[in-house]
Protein chains: 2
Amino acid sequence: MADPTNTREIWQQRWAREPQQARSALRWTAQLDAAQALLEEEGLDAVTVARVAKRAGVSVGATYHYFQDKQALIYAVVDRFTREAAERARSALDPARWEGASLMEILEAYLRHAIKVGRRFRGTHLAHKRLAMEDRHVAEHLASEHRAIHEPILKLLETRAEEVGGAEPIRSIAVALEVLWASVDQRLSNHAPGTSSRVARLSDERFIGELLEVARAYLGVESK
Amino acid sequence: MADPTNTREIWQQRWAREPQQARSALRWTAQLDAAQALLEEEGLDAVTVARVAKRAGVSVGATYHYFQDKQALIYAVVDRFTREAAERARSALDPARWEGASLMEILEAYLRHAIKVGRRFRGTHLAHKRLAMEDRHVAEHLASEHRAIHEPILKLLETRAEEVGGAEPIRSIAVALEVLWASVDQRLSNHAPGTSSRVARLSDERFIGELLEVARAYLGVESK
DNA sequence: ATTATCTATAGATCTATAGATAATGC
DNA sequence: ATTATCTATAGATCTATAGATAATGC
């Protein structure tokens, strides 16, 4: 499935036919839903065309009518998911909604939200990471969607740059955000229950508290 | 291949026969080498029994003589790799070798080493992460090997606890180490060249510098 | 007329084993 | 006698298509 030399413009129009008619749109959606549910519940290897078709209540032939091939189906699922996530981020990060909130309050809200969403869509998130490993088109697509989510957060945080000490507050904010994100991402991805580290055994609350302390210290924000 | 309900003691004796004789040991090693090279160069999906056998210069039948099944072969590769890594860590972290080094100097050496090794064995590292996603036995094994590497580092760092400010230096050190590790891990895993974030575009040197500043600020170590 | 859908299956790929043969060690 | 190895192939699984039939929209 992974073909690194593929130069087609896969993210433009690789699916055979995105439906115009209402009735077909239902089935189109049903197939994406089925594929994503399999991804979430059982991981990437569980996504076979036959299982997607069955779960969506159509035949394999019908699925190949909608999607040029299996790769196009997977791409469509990833694309829909990341598009929706970016859309949610854009509306949640409207600066007007954060009037009066401090830098640290915004970071705290971000951490809580990231952990909540990461738990909710754990399987999909892991599957996306794996697809990114195997297919550079997916990697680029996910990276660009990730930027589409992080850019508005950075923009919002940068309006609080005067709270930050040091010579380069804008860059420091970017570094802090990536460090927090990496730490959360790792916490959500790993899951060896018995053998986990001291830090993994902290509750979410304490974990968030420590990460905020990391950010506060690095950014030189005064404690209240 | 992934069978979450598998309760056999796979890490004890799942391979059919680890050889006693010198000549067989060569072939045993050749097969692990072949599998690991495929893992490193082309990823997990490239590891088929036929390709491993061919690359090791034996037949498929011979491979099944050495390994009960494909899973046992993969496990043996992971096991050897993590064992060697833990062994290297133990000798590198002998406290006697770090006489006179400060906490921050040790952290810096750790970061440089982690980035170097991570680049060198990128494919293997990614494959291990993916195996951990798919197979909880591998996840537990990797987590325990990871602890085997991080424990000596923590022990070493803890001998410098008096350099650290705050009420709970031991815990702070553990948190700092995990945050740094997560940040490095993410930098090494991601690789969307054109679309990468501001932080990903920093040079290794500056990246290390920023992470050290994160740790220094959080741990309350005085700047020199 | 065109679009949507189904059943049935060809073709590719991979794991694992059967059965025969060669090499090794007491 | 036992261990190591090979060739050949059965059996499982999956993608994708061919060819026939049903539904839809001008």
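We name chains A, B, ... by the order of the sequence lines, and we start the count at 1 in each one.
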Residues in ring pair (Phe, Tyr, Trp, His ring centres under 6.0 Å) with B:Phe207, at least two apart?
-> none

Could you check which of D:dT15, C:dA16, D:dC6 has an atom nearest any side-chain atom of B:Ala62?
-> D:dC6

For A:His125, which residues count as a ring pair (Phe, Tyr, Trp, His ring centres under 6.0 Å) partner, sequence neighbours excluded?
-> none

Among all residues two or more places apart in sequence or in another chain, which pass the salt bridge (Lys or Arg N to Asp or Glu O under 4.0 Å) test with A:Glu84?
-> none

C:dA4 C1' sits how many Å from A:Phe67 CZ, rounded?
-> 14 Å

Closest non-hydrogen atom pair, A:Val60 against A:Ala50 = CG2-CA, 3.9 Å

A:Glu210 meets the side-chain hydrogen bond (donor to acceptor under 3.5 Å, both in side chains) criterion, sequence neighbours left out, with B:Arg171, B:Tyr218

Pairing string of DNA chain C (Watson-Crick or G-U wobble, both atom distances under 3.5 Å; | = paired to other strand) is ||||||||||||||||||||||||..

Partners of A:Asp33 by side-chain hydrogen bond (donor to acceptor under 3.5 Å, both in side chains), sequence neighbours excluded?
-> A:Arg80

Euclidean distance, atom CD1 of residue A:Ile74 to atom C1' of D:dC14 [Å, nearest integer] = 13 Å

Whole angstrom value for the distance that separates C1' of D:dA12 from CG of B:Asp69 | 16 Å

Let me know the distance between CG of B:Leu26 and C1' of D:dT5, rounded to the nearest Å.
-> 16 Å

With sequence neighbours excluded, tell me which residues meet side-chain hydrogen bond (donor to acceptor under 3.5 Å, both in side chains) with A:Ser183.
-> none

B:Glu145: partners by salt bridge (Lys or Arg N to Asp or Glu O under 4.0 Å), with sequence neighbours left out | none

Stretch residues 48-61 of chain A: residues that reach within less than 4.0 Å of DNA chain C through a heavy atom = A:Val58, A:Ser59, A:Gly61

Residues in side-chain hydrogen bond (donor to acceptor under 3.5 Å, both in side chains) contact with B:Ser172, at least two apart in sequence or another chain | none

Of the residues in residues 30-38 of chain A, which ones touch DNA chain C at a heavy-atom distance under 4.0 Å?
-> none

Measure from CH2 on B:Trp28 to P on D:dT3 and round the result to the nearest Å.
-> 16 Å

Taking OH from A:Tyr66 and P from C:dT3, how many angstroms apart are they, rounded to a whole number?
-> 13 Å

Listed by chain and number, what are the side chain to side chain contact (heavy atoms under 4.5 Å, CB included) partners of A:His146, not counting sequence neighbours?
-> A:His150, A:Trp181

Before giving the answer on side chain to side chain contact (heavy atoms under 4.5 Å, CB included), spell out for B:Leu154 and A:Arg198 the whole-Å C-alpha distance, their side-chain angles and the decisive distance to 0.1 Å.
-> CA-CA 11 Å; B:Leu154 280 175; A:Arg198 206 174 307 193; 3.9 Å; yes

B:His65 side-chain N/O to D:dT5 phosphate OP1/OP2 under 4.0 Å | no

Rounded to the Å, how far apart are A:Gln71 CD and D:dA16 C1'?
-> 14 Å

N/O (side chain, B:Tyr64) to phosphate O (OP1/OP2, C:dT17) under 4.0 Å | no

